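Worksheet: the structure to be examined is printed underneath.
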Amino acid sequence: MNAAARFVGTAGRVVSTAPRVLLAAAMVLGVPAATAAAQGVEAGAEVEASVRAFPADPLFPGQQTAALSPSVVLSPDFELEWSDRRWRLVGEGFARLDAHDGRRSHVDIRELGVSYFGDRFTAFAGVGQVFWGVNEVRHLVDVVNQVDGVEDLDGEDKLGQPMVSLTLESDWAVLDLYYLPYFRERTFPDHDARLRGSLPIDGDPRYPNGGGRWDGGVAARAFRTFGAVDLGLSYFGGTSREPAFEVVVAEGGQPRARPRYDRIDQWGTDLQWTGERTLLKLEAMTRGGHGDRLYAASGGIEYTLYQVLGSDGDLGLLSEITFDSRGEGAPSTLFEHDLFLGGRWALNDPSDTSVLGGPLIDLSTGEVLAVFEAERRLGSAWRLSLDGRLFWNTDPSSRIHGIHRDGFLALSLVRYF
């Protein structure tokens, strides 16, 4: 089946669920859709044309050999607010068609839900996006949404998560409570695609604790500001968003990596201190459910030099270090004992030009993942960006070695409507 056919099939399955998701959201919150007058609708869309360039040939036989891999993205969104300003309906969709990776051609509902704003609370039901954390590189405490793994290596692109949430505001803190009725599996590159790793990913995951996709979860986070300090405390109980992998032999004798999703409990904290030029950041968590309880912490410093060399531009110097104790039974990660050294240059010009980059260095093996991101607006309706992910000095026994020849540069042009 070619990429276009897979895209159409996926689109049909995802879009057909949208009315049911919206109806469930309306029923939970009792939206007065038939009687309340809508104040107005804001709608827009982004259309992106992108091409990835792979400088090196693939490592494994059967992988795609194209040096250039184009794709297109459509991301529509809307927001409707009722005249009493208590009710709001929001939606954001995502669809990518990729020339060479059938699984990267996919459709997702990033957001589709209804919010009610009370005097000191907010209720939401539907499909949503939640972000926890303060770090630039490693987001240890960010566990509500599943990673959209076909989009990038950094884990910052997330699938929409069905949820019911309640935010309570008090004089001492803001408390967010979540019920997550449905689990979404992580997306992975196709068996013949670049960035797939040393083994193709099997499409039939295992849930050793039972329940599967409908084994619901809960999450909570309390947040408070103490002067220059922002403090968050969080809890998650449910199916791990990070899969471990088991090697299985598929039909035909081909070994594959089968995802295994464990039930976990995770406690976390995120902390940020803001000074005139300095940000100090820390994320830490402990998690049970993968065998021995694991502990991880990641933090660092961002120091900003304003108006560098007499220009309007600001240069932020970044440093983050990660420690992760996970053992043999836990999901593997590219970030265990790593140091990131980089910078963020914001030109503060009318085009909002910015550049971020630096190496992520494994302190145990010396492996290096170089990260580069640059973007610039072209007028009021266009944006041009260039991203890079490149590898050096990889260890043949490490997870990253399986993709070390899949480093790429990606050029994207976005049109806003």
Side-chain angles (χ1 to χ4, degrees), residues 21 24-25 28 111 113 121-135 138-149 155-156 158-170 173-187 205-224 231-246 259-271 282-298 324-333 335:
V21 172
V28 169
E111 289 187 277
F121 73 93
T122 301
F124 173 85
V127 177
Q129 294 269 349
V130 175
F131 174 76
W132 295 346
V134 294
N135 286 341
R138 185 82 190 278
H139 306 301
L140 289 172
V141 301
D142 190 28
V143 295
V144 173
N145 287 81
Q146 178 60 276
V147 171
D148 193 349
E156 295 191 358
K158 300 297 183 74
L159 300 173
Q161 171 62 49
M163 65 175 67
V164 176
S165 69
L166 179 65
T167 297
L168 303 173
E169 301 178 19
S170 69
V174 176
L175 179 62
D176 296 317
L177 303 171
Y178 302 90
Y179 173 61
L180 313 170
Y182 184 77
F183 170 73
R184 302 200 62 188
E185 299 162 6
R186 183 167 297 194
T187 57
R206 190 168 74 89
Y207 299 89
N209 305 110
R213 296 183 181 91
W214 289 102
D215 198 3
V218 295
R221 181 175 183 263
F223 174 82
R224 181 171 180 176
L231 174 64
L233 301 173
S234 58
Y235 170 78
F236 173 85
T239 303
S240 173
R241 274 49 179 161
E242 287 187 275
F245 292 97
E246 304 168 340
R260 187 194 79 228
Y261 294 98
D262 301 318
R263 292 285 295 184
I264 64 167
D265 64 274
Q266 176 174 310
W267 298 87
T269 183
D270 55 276
L271 179 71
L282 174 67
E283 294 185 31
M285 65 89 167
T286 177
R287 181 191 300 170
H290 303 306
D292 294 338
R293 177 167 286 274
L294 66 87
Y295 301 86
S298 180
D324 196 312
S325 73
R326 66 185 62 200
E328 191 171 319
S332 60
T333 176
F335 313 100

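Please read these numbers as outputs of a predicted model, since none were measured by experiment.
Considering only residues two or more places apart in sequence or on other chains, R326 meets the salt bridge (Lys or Arg N to Asp or Glu O under 4.0 Å) condition with E242, D324.
In this structure, the side chains of M285 and L140 come closer than 4.5 Å at one or more pairs of heavy atoms. Side-chain atoms of I264 and R241, non-hydrogen and from C-beta on, never get closer than 4.5 Å to each other. Annotation: side chain of Q129 is not in contact with side chain of Q161 (no heavy-atom distance under 4.5 Å). Side-chain atoms of P331 and H290, non-hydrogen and from C-beta on, do get closer than 4.5 Å to each other. T269 places a side-chain heavy atom less than 4.5 Å from the side chain of L231. Between V130 and Y178, the closest side-chain pair of non-hydrogen atoms falls below 4.5 Å.
Evaluated for a side-chain hydrogen bond (donor to acceptor under 3.5 Å, both in side chains) with Q146, the options K158, R184, R186 yield exactly one hit, R186.
We find the CG-CG distance between N135 and L282 to be 7.5 Å, quoted to the nearest 0.5 Å. A distance of 5.0 Å separates CG in L294 from OG in S325, rounded to the nearest 0.5 Å. Note that the CG atom of L175 and the OG atom of S170 stand 8.0 Å from one another [nearest 0.5 Å]. Atoms CZ and CH2, on F236 and W132 in that order, are 8.0 Å from each other to the nearest 0.5 Å. Note: N145 CG to L159 CG = 8.0 Å, rounded to the nearest 0.5 Å.
Between D262 and R287 there is no salt bridge, since no side-chain N of the basic residue sits under 4.0 Å from a carboxylate O of the acidic one.
Here the closest non-hydrogen pair linking F124 and G126 is CE2-N, 3.8 Å. The shortest heavy-atom contact between A244 and G329 is CB-O, 4.3 Å. Summarising the geometry of G217 relative to Y179, their closest heavy-atom pair is O-CD1, 3.6 Å, with the distance given to 0.1 Å. Nearest heavy atom pair, residue R260 against residue P208, reads CG-CD, 3.6 Å. Across A219 and V144, no two heavy atoms sit closer than the pair CB-CG2, 4.3 Å. Residues R138 and S298 approach most closely at CB-OG, 3.7 Å, considering heavy atoms.
R263 and S240 share no donor-acceptor pair across their side chains, judged by distance under 3.5 Å alone. Side-chain polar atoms of D215 and T239 form no donor-acceptor pair below 3.5 angstrom. Residues T187 and D148 bring a donor and an acceptor atom of their side chains to less than 3.5 Å of each other.
Outside the 6.0 Å centre-distance limit, the rings of F183 and W214 are not counted as a close aromatic pair.
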*Step by step, would you call R206 with Y261 a side chain to side chain contact (heavy atoms under 4.5 Å, CB included)?*
CA-CA 6 Å; R206 190 168 74 89; Y261 294 98; over 6 Å; no
*asked:* For a side chain to side chain contact (heavy atoms under 4.5 Å, CB included) check, start with the C-alpha distance between L180 and V218, then their side-chain angles and the critical distance, and finish with the verdict.
replied: CA-CA 6 Å; L180 313 170; V218 295; over 6 Å; no
*Apply the test side chain to side chain contact (heavy atoms under 4.5 Å, CB included) to residues T167 and V174: give CA-CA distance (whole Å), side-chain angles for both, the deciding distance (0.1 Å), then the verdict.*
CA-CA 7 Å; T167 297; V174 176; 3.7 Å; yes
*Working for salt bridge (Lys or Arg N to Asp or Glu O under 4.0 Å), residues R293 and D265*: CA-CA 10 Å; R293 177 167 286 274; D265 64 274; 2.8 Å; yes
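E283 places a side-chain N or O within 3.5 Å of a backbone atom of V134 that can act as its donor or acceptor partner.
Ring pair W267/Y235 is tilted by interplanar angle, where 30° to 60° counts as tilted.
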